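Working notes, beginning with the structure itself.
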Amino acid sequence: MAELATLGRRVRHFRSRAGLTLDQLGHACDTAPSQLSLIENGKREPRLSLLESIAAAVGVSVADLLDPQAPTGRDAWEIELERAQDSPAYRELGLPRLRPSKTMPEETLRALVGLHRELDRRARQAVATPEQARRANTELRARMREMDNYLPDVELLAEEAVAAVGHSGGALTHRTVAEMAERVGLTIVHTDDLPHSARAVVDMEHGRIYIPPASIPGGHGLRSLALQAVAQAVLEHREPVDYADFLRQRLEASYYAAACLMPRPVAVAFLEEAKRARRIAIDDFRDAFGVTHEAAALRFTNLATAHLEMPLHYVRVAGDGTIQGAYENDGLPLPLDATGSTEGEVVCRFWSARRAFARTTRTTEHYQYTDTSAGTFFEATQTGIGAEEYSITVGVPYAESKWFRGRETPARERSTCPDVTCCRRPQDGLAERWHGKSWASPRVRPYLFAPLPHGTYPGVDDRELHEFLQAHAEEI
């Protein structure tokens with residue numbers, strides 16, 4: 001304890017000032033010198049009666065011994081160094097403890113304490129990372145809203161890439177994706193021993209993209225993973241300088257992959273024809289290019305405003321109602337926290353994103369009109385199950401519903417959120433009826449309590465990654 005360390009230093013200071021040795025003080029207090037040594041080194045807490053004897057022997061009061069201030073400036077530095085070397089951050093380094101000696105220059109002592117303070121600052125910075133990440137994500141979403149979620153430069157690069165391999169439409173094959181990788185000097189390797197925290201690994205030294213083996217026939221998601229790895233080379237990404245840069249690179253890589261899987265010319269032609277026929281449907285768009293429903297929904301957000309002149313929104317919601325990802329440029333009143341972030345917030349139970357979970361048959365999309373404080377929206381929602389249940393929603397203002405299949409749905413809900421009387425506050429009398437007579441244990445996501453790693457690639461275990469690369473490099 002820091003208090004025992006300070007007490008020990010004060011005992012030693014006043015003993016030395018009184019000109020007493022440990023043996024002499026021990027004789028005066030009827031205590032073994034070894035016990036006094038443990039006290040002076042902060043290893044043992046003395047009884048009050050012993051403190052009174054020590055104080056009398058060295059000519060001070062008990063209050064003088066118990067003063068929380070270190071007796072000298074150097075003592076304060078030494079105590080701080082000892083305390084720092086007891087911290088988890090220092091122990092993780094695997095370095096030996098350094099005991100400050102009387103001959104250690106004070107400049108050296110102060111430098112060591114300064115290094116430990118910086119270690120502690122960086123550790124505290126890591127704890128703050130979740131809030132910083134949320135702010136960075138919020139800023140990125142705002143920038144993408146200003147650009148209608150459309151990146152023309154990335155679109156052009158993707159068009160050139162698919163044209164170079166002769167792809168003109170339909171589903172992009174795994175063989176074609178492999179050829180696109182080869183054109184930038186990379187070979188796709190399927191392996192089942194990826195680090196648990198990595199979706200894919202690019203070995204730039206040996207020109208390999210490691211992705212997991214297909215878990216289902218077709219492995220549609222693997223094409224996107226491989227193309228995202230290709231994107232790092234095509235877009236000339238470097239090590240991210242901060243979390244905002246990491247998020248930007250992640251978005252651009254995902255965008256490039258989607259633009260290759262659903263090239264702009266054929267994708268826009270498909271959507272324009274569907275609009276003319278008044279039968280736009282995300283599941284048709286999905287099937288035309290052999291991608292996941294989520295990939296088709298996100299790609300639709302890239303093209304709808306820029307090429308169909310249609311504002312819209314996209315929301316991915318977990319089974320418990322929390323938002324996992326969202327985009328809007330149509331005024332949908334997304335729930336926001338104090339930082340302006342929407343991820344992790346709970347959507348209204350009357351929105352299509354949550355009403356879809358109540359259906360017993362989920363093979364088709366759930367269509368619904370939702371009246372909100374910002375107007376009425378038409379929404380199409382598809383549910384799915386991955387690591388957990390989720391829903392994918394694409395919606396548009398009421399005036400744009402005429403272009404969509406499912407617009408004839410009679411389903412209609414009214415939401416007044418963020419008014420707490422909408423779906424957050426119990427009906428009249430229920431709160432009073434059960435106050436003090438019930439208790440619920442909330443379901444809490446463990447990751448909410450854990451800071452995001454602050455390494456080069458947030459979320460990836462550096463040790464596992466380097467061990468993986470070393471193991472596979474030795475295969476050559």
Side-chain angles (χ1 to χ4, degrees), residues 148-190 199-202 204 207-237 249-277 279-308 392 394:
D148 291 325
N149 217 32
Y150 188 69
L151 301 178
D153 293 341
V154 179
E155 294 280 359
L156 181 59
L157 290 172
E159 287 179 42
E160 293 174 347
V162 295
V165 293
H167 179 72
S168 58
L172 196 63
T173 67
H174 285 270
R175 176 59 249 172
T176 305
V177 171
E179 185 178 345
M180 294 172 69
E182 290 168 0
R183 293 181 68 86
V184 295
L186 296 171
T187 301
I188 298 175
V189 178
H190 294 273
R199 301 186 307 161
V201 172
V202 180
M204 293 178 290
R208 300 172 185 160
I209 302 172
Y210 292 102
I211 58 176
S215 57
I216 58 174
H220 304 311
L222 299 184
R223 293 175 301 159
S224 179
L225 278 181
L227 287 169
Q228 288 177 47
V230 171
Q232 305 295 333
V234 174
L235 301 175
E236 299 181 346
H237 286 166
Q249 291 186 12
R250 179 75 172 267
L251 181 145
E252 291 177 352
S254 297
Y255 193 112
Y256 177 86
C260 289
L261 291 168
M262 293 163 275
R264 176 175 58 180
V266 289
V268 169
F270 179 90
L271 293 173
E272 287 177 337
E273 173 57 30
K275 183 179 180 182
R276 283 192 293 271
R279 55 174 175 78
I280 294 176
I282 300 302
D283 49 6
D284 287 349
F285 192 39
R286 170 198 68 200
D287 296 342
F289 293 93
V291 296
T292 65
H293 195 90
E294 182 173 16
L298 286 168
R299 185 62 173 147
F300 185 69
T301 69
N302 300 149
L303 304 173
T305 306
H307 292 281
L308 305 180
I392 302 295
V394 171

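What you see is a predicted model, and the numbers here were worked out from it, not measured in a lab. Values below: every heavy atom of this structure, side chains too, minus hydrogens, waters and symmetry copies.
Residues meeting the side chain to side chain donor-acceptor pair (under 3.5 Å) test with Glu179, sequence neighbours left out: none. Among residues two or more places apart in sequence or in another chain, the salt bridge (charged side-chain N to carboxylate O under 4.0 Å, His left out) test is passed with Asp287 by none. Ser254 pairs by the side chain to side chain donor-acceptor pair (under 3.5 Å) definition with nothing, not counting sequence neighbours. Legend: residues meeting ring-ring contact (aromatic ring centres under 6.0 Å, His included) with His167, ordered by chain and number and at least two apart, are absent. Qualifying side chain to side chain contact (heavy atoms under 4.5 Å, CB included) partners for Glu294, counting only residues two or more places apart in sequence or in other chains: Thr292, Leu298, Tyr314, Arg316, Ile392. Take Glu182 and apply the salt bridge (charged side-chain N to carboxylate O under 4.0 Å, His left out) test, not counting sequence neighbours, and it matches Arg175. For Ala274, the side chain to side chain contact (heavy atoms under 4.5 Å, CB included) partners two or more places apart in sequence, or in a different chain, are Arg279, Ile280. Qualifying side chain to side chain contact (heavy atoms under 4.5 Å, CB included) partners for Ala181, counting only residues two or more places apart in sequence or in other chains: Leu186, Ile188, Ile209, Val230. Partners of Gln232 by side chain to side chain donor-acceptor pair (under 3.5 Å), not counting sequence neighbours, listed by chain and number: His237. Partners of Thr187 by side chain to side chain donor-acceptor pair (under 3.5 Å), not counting sequence neighbours: none found.
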Please list every donor-acceptor pair under 3.5 Å in which a side-chain atom of residues 150-158 meets a protein atom from a residue at least two apart or in another chain.
from, atom 1, to, atom 2, distance (Å)
Tyr150, OH, Arg264, NH1, 2.5
Tyr150, OH, His307, NE2, 3.0
Glu155, OE1, Arg299, NH2, 2.9
Glu155, OE2, Tyr255, OH, 2.7
Glu155, OE2, Arg299, NH1, 2.7
Glu155, OE2, Arg299, NH2, 3.4

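No donor-acceptor pair under 3.5 Å is formed between the side chain of Arg208 and the backbone N or O of Val189.
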